[in-house]
Amino acid sequence: MAVIKKTKAIKNYPKHLLGIQNLSFSEAKEILKQAKEYIKLNRSNSKKLDTLRGKTQINLFFEPSTRTQSSFDLAGKRLGADVMTMNIINSALKKGETLIDTAMTLNAMHPDIIVIRHQDSGAPNLLSQKVNCSVINAGDGRREHPTQALLDALTIIDRKGKIEGLKIAICGDILHSRVARSNIYLMNMLGAEVNVIAPKTLMPKSIEKLGVKSYTNMKKGLDSCDIVMMLRLQNERMQGSFLPSKREYYEYFGLTPEKLKFAKKNALVMHPGPMNRGVEIDTKLADNINVSLVREQVELGVAIRMACLKIYCKK
Amino acid sequence: MREKILINARIIDPSQKLDCIGGLVIDANGKIKAIGKNIDNKIASKNAEIIDIKKNILIPGIVDMKTFVGEPGYEYKENFRTLSQAALAGGVTSVVSMPNTKPVIDNVSMVDFIMRRGRDKAKINIYPCAALTKNIDGSSMTEFGLLSSRGIIGFTDVIRTVQNTSIMARVMNYASDMGVLIMQHVQDYELSKDGLVNEGEISTRLGLSGIPTIAEKIIIERDLSLLEEYPCRYHINQISSMKSLEVIKKNKLNGKKFTVGVSINNLSLNENDIGDFKTFLKLSPPLRSEKDRVALINGIKDDLIDVIVSDHKPEDEESKRLPFSQAATGAIGVETLLPLALELYHNESLKLSKIIQSLTINPSKILNIKKGSLKKGFDADICIFDLNKPWVIKSDELKSKSKNTAIESRKLQGKVLMTFLNGELVFNQQ
């Protein structure tokens, strides 16, 4: 019995995409491979497929989001799924309904896949235990944002041809960033060397145990890096004394053309958006298409989400 | 009541340094009449009831210094009746009840209510605590004198800490004169703001805000400094980290008088057990690293920690089936306190007598009550357990009204067979 179960488990994908931590190397490779095929499609005139015709996709957003939500929306539609987006920022939960009750309500409508974004770390895991369909994590608290990391990986592969052997710096508010965490796991898995750079107050404890080197100095952290990922600095960080001021942050941790010189000559810059120009990144640098991959990230985001929806959607 | 003679038992009573095969006589008033090696069925009077313990272990009834009853306001989580059943099934005969009920036990009329309910509904000894500050908000102290005179055993804000140093100073100063027991929960709010789990690799991986160990240490250091100025009966409810132990060691070596407790959870589990956001393991103080867990066990060995508590906190499913940050803290534990503590004996972490000492005579001494001992003349509160019996924890089979055990499916060795309260057999496994 046990043997039969085992072979089954290897063939099938896990039901949910909750985080890169739960993803295997081959699964990540497969998502990236399939996404590659969708890039061309998205650039063509006829973008619509019927891969997911008859399937229902619910986007459940407990936290405001523009690009991730529209990206999932579009991805589902291009694959032919019926997509419903619910913003629950101020509806049901305000009325006292719990996450599980919301999940059970939606589950009764027989969706095939739920895409969830939630402000609490672990909320997608809880949801996945209670519904029959697949769950894709579109960002939970400060834990994981797996599709962002996957689209970043796809963008890097698109430009550099590979990830293995590259040196990647992630810079900014690591403490509060789910994008940083997912990228650390994925880039490590795909064979890159990862540096994280942040002021001490925005560096999570024991981050080295995730397999990175941590720096508080841009010059040292960016040394010989191929990719520089900048993170968004939330305005609220000035309160509670994480930082003294935006001005000081920009001085020491903002990415400027001068600081970028510490990295490799042909280094590329990424940002998950939305950007704070003049806080974490110099505005000209952000717009320099020879260096900045920001637009490409958004473009390939749709392809990655199409691949994820196709792979994880209930068979 | 007929006289009872318990024979053929392995008696362990740390209060009189006793560990022998022998017997015990309970008189007609439910008091201990005699104890020792020489007691067997030969000395029995005609009338006496003889109970053969069959070489199982006989100890004083356990005194649990931290339980939450739920009355008033949270009867749907636990009440005196269900708590009693759970306690007796775990060999616990006396509990200290926490005042963070709804409304809070911070005035005389509430104390009268709780005493009456406890007397009528509880089948165990209830020693109620009152709030340290009114409405547990840390701003003004409760009526220590009046409340004590009504039967309050100690004062605590349970899972809240008095943050204002000047108020804490006055509380301790006033308490030193009144001779009342202060039981402090030690956590700095600002340092642990939004914190959910131990700060470290696990908090980083789970993406949850961390509670650093310094948040605990800094309050202990503050309070022990105050204690130098205002020597009162001061007890730290629960510590969780190695760093706190270092401070405690230093201060105890300096001759300062205070006592320290630890939850069985912090001795038996660590932060890794939280796994995939198990909210039943969301506790306060939080589960810490394995290094901390081992240090706490050594703290008991070295007499730096005096008591082990269950930190029994019943929570209904609705309060726990939520994302981790929204879920209630706490786990039930009064029924599994002894069996889980026995695990520390079986895995050779602690000596049996040390475990029993921290569950019986030590808490009684701190509370200043005549319990936790089998000396002649004491109430015959007795727990009898099979040291080796294997069993598996199943939350459905636990007697507590709430089922939020932190150790579901854990395989334990050692189970309570019988519990006596005032000489009466009130729990019998068979």
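Proteins get letters first, then strands, A, B, ... in listed order; numbering begins at 1 in each.
Of residues 186-207 of chain B, those residues with a non-hydrogen atom less than 4.5 Å from any non-hydrogen atom of chain A are, in numerical order, Glu199(B), Gly200(B), Glu201(B), Thr204(B), Arg205(B), Leu206(B), Gly207(B). Below 4.5 Å, heavy atoms of chain B meet heavy atoms from Asp120(A), Ser121(A), Gly122(A), Ala123(A), Asn125(A), Leu126(A), Gln129(A), Lys130(A), all part of residues 120-130 of chain A. Near-neighbour residues of residues 173-198 of chain A relative to chain B, defined by a heavy atom under 4.5 Å from a heavy atom of that chain, comprise Arg181(A), Tyr185(A).
Of the atoms belonging to Ser209(B), heavy atoms from both backbone and side chain fall under 4.5 Å from chain A. At a 4.5 Å heavy-atom cutoff, Glu208(A) makes no contact with chain B through either its backbone or its side chain.
Environment of NZ in Lys243(B): sparse, with no more than 12 heavy atoms of neighbouring residues, nucleotides or ligands closer than 6.0 Å. Under a cut-off of 6.0 angstrom, the local environment of NZ in Lys403(B) is crowded, with over 12 non-hydrogen atoms contributed by other residues, nucleotides or ligands.
From Leu99(A), atom CG reaches atom CG of Leu322(B) across 8.0 Å, with rounding to the nearest 0.5 Å. Put simply, CZ on Phe324(B) and CG on Asp140(A) are 13.5 Å apart, with the number rounded to the nearest 0.5 Å.
Asp152(A) is linked by a salt bridge (Lys or Arg N to Asp or Glu O under 4.0 Å) to nothing, counting only residues two or more places apart in sequence or in another chain.
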